[in-house]
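What you see is a predicted model; the values in this text were computed from it and never measured.
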Amino acid sequence: MKIKFITLSLAILSLTAIGCTRPHSEKIALNDKPATTLNQPQYNGYIVTSDNKGEPAIRRTYSEFGIVAVRLIGNNQYELQLQNDPGLAELEKLATHSSGQIKAIQPNFIYKTL
């Protein structure tokens, strides 16, 4: 009985040691940085606050950047996704020239839990 137990224990230990090793051909890149880190804000599109003109005003103001989608969220707020994103500063500048139809624009931040 003890011999069977010892043999079984050695077999299990040897299998776990083999399973936990890496092949010698696999290299670990220590200097590679991930595409995004937790400290970098991630966002998908923008949240636009508009007056009662809503979606037509957003489409008219930002059409030059290739609008992918405009979706009503509620309370005159829309999610805006652009094909050619010029950046927040340019979009804010266009909002100021919209005769008050675009009240505000901000990134649509994505929060991830660990």
Side-chain angles (χ1 to χ4, degrees):
M1 180 80 169
K2 284 186 179 183
I3 294 176
K4 288 183 181 179
F5 178 74
I6 292 172
T7 307
L8 183 62
S9 298
L10 288 175
I12 292 172
L13 285 174
S14 63
L15 288 175
T16 56
I18 291 170
C20 293
T21 59
R22 291 177 175 250
H24 294 290
S25 63
E26 184 180 345
K27 295 183 179 182
I28 301 172
L30 297 177
N31 293 331
D32 287 350
K33 293 183 179 178
T36 58
T37 63
L38 293 177
N39 294 333
Q40 293 175 333
Q42 298 176 21
Y43 62 92
N44 182 21
Y46 297 91
I47 300 295
V48 181
T49 305
S50 180
D51 67 356
N52 293 332
K53 304 270 193 258
E55 185 174 340
I58 293 169
R59 289 192 180 277
R60 193 171 36 257
T61 304
Y62 299 118
S63 63
E64 66 185 280
F65 303 112
I67 295 175
V68 175
V70 178
R71 185 175 63 91
L72 176 65
I73 299 172
N75 293 336
N76 292 328
Q77 290 188 337
Y78 295 83
E79 179 182 9
L80 171 66
Q81 292 180 339
L82 300 172
Q83 185 175 5
N84 302 315
D85 189 350
L88 183 60
E90 181 68 25
L91 297 176
E92 286 175 334
K93 187 187 310 181
L94 288 173
T96 59
H97 299 298
S98 70
S99 302
Q101 294 179 353
I102 306 296
K103 302 283 186 199
I105 184 165
Q106 66 183 32
N108 184 11
F109 289 105
I110 299 171
Y111 296 96
K112 295 183 179 181
T113 59
L114 301 178

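The backbone N or O of Gln81 sits nowhere less than 3.5 Å from a side-chain atom of Tyr46 that would complete a donor-acceptor pair. Between the side chain of Asn75 and the backbone N or O of Gln77 there is no donor-acceptor pair closer than 3.5 Å.
Hydrophobic clustering (ILVMFWY, side-chain heavy atoms < 4.5 Å, transitive): Leu80 and Leu88 are in one cluster. Taking hydrophobic clusters as Ile, Leu, Val, Met, Phe, Trp and Tyr residues chained together by side-chain heavy-atom distances below 4.5 Å, Leu94 shares a cluster with Ile105. Under the 4.5 Å side-chain contact rule for hydrophobic residues, Leu72 and Val48 share a cluster.
Residue pairs that meet the side chain to side chain donor-acceptor pair (under 3.5 Å) test with at least one member in residues 90-102, sequence neighbours left out, are Arg60-Gln101. Within the structure, the salt bridge (charged side-chain N to carboxylate O under 4.0 Å, His left out) test picks out the following pairs touching residues 70-84 (sequence neighbours left out): Arg71-Glu79.
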- Item | Audit row: Gln83, Ile67, side chain to side chain contact (heavy atoms under 4.5 Å, CB included) steps and yes/no | CA-CA 6 Å; Gln83 185 175 5; Ile67 295 175; over 6 Å; no
- Please step through side chain to side chain contact (heavy atoms under 4.5 Å, CB included) for the pair Val70 and Tyr62, ending with a clear verdict. CA-CA 11 Å; Val70 178; Tyr62 299 118; over 6 Å; no
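Annotation: the span from Ile58 atom CD1 to Ser50 atom OG amounts to 5.0 Å, rounded to 0.5 Å.
You'll find the side chain of Tyr78 stays beyond 4.5 Å of the side chain of Ile102, heavy atoms only.
The minimum heavy-atom distance linking Asp51 with Lys103 is given by the pair CB-CE, 3.9 Å.
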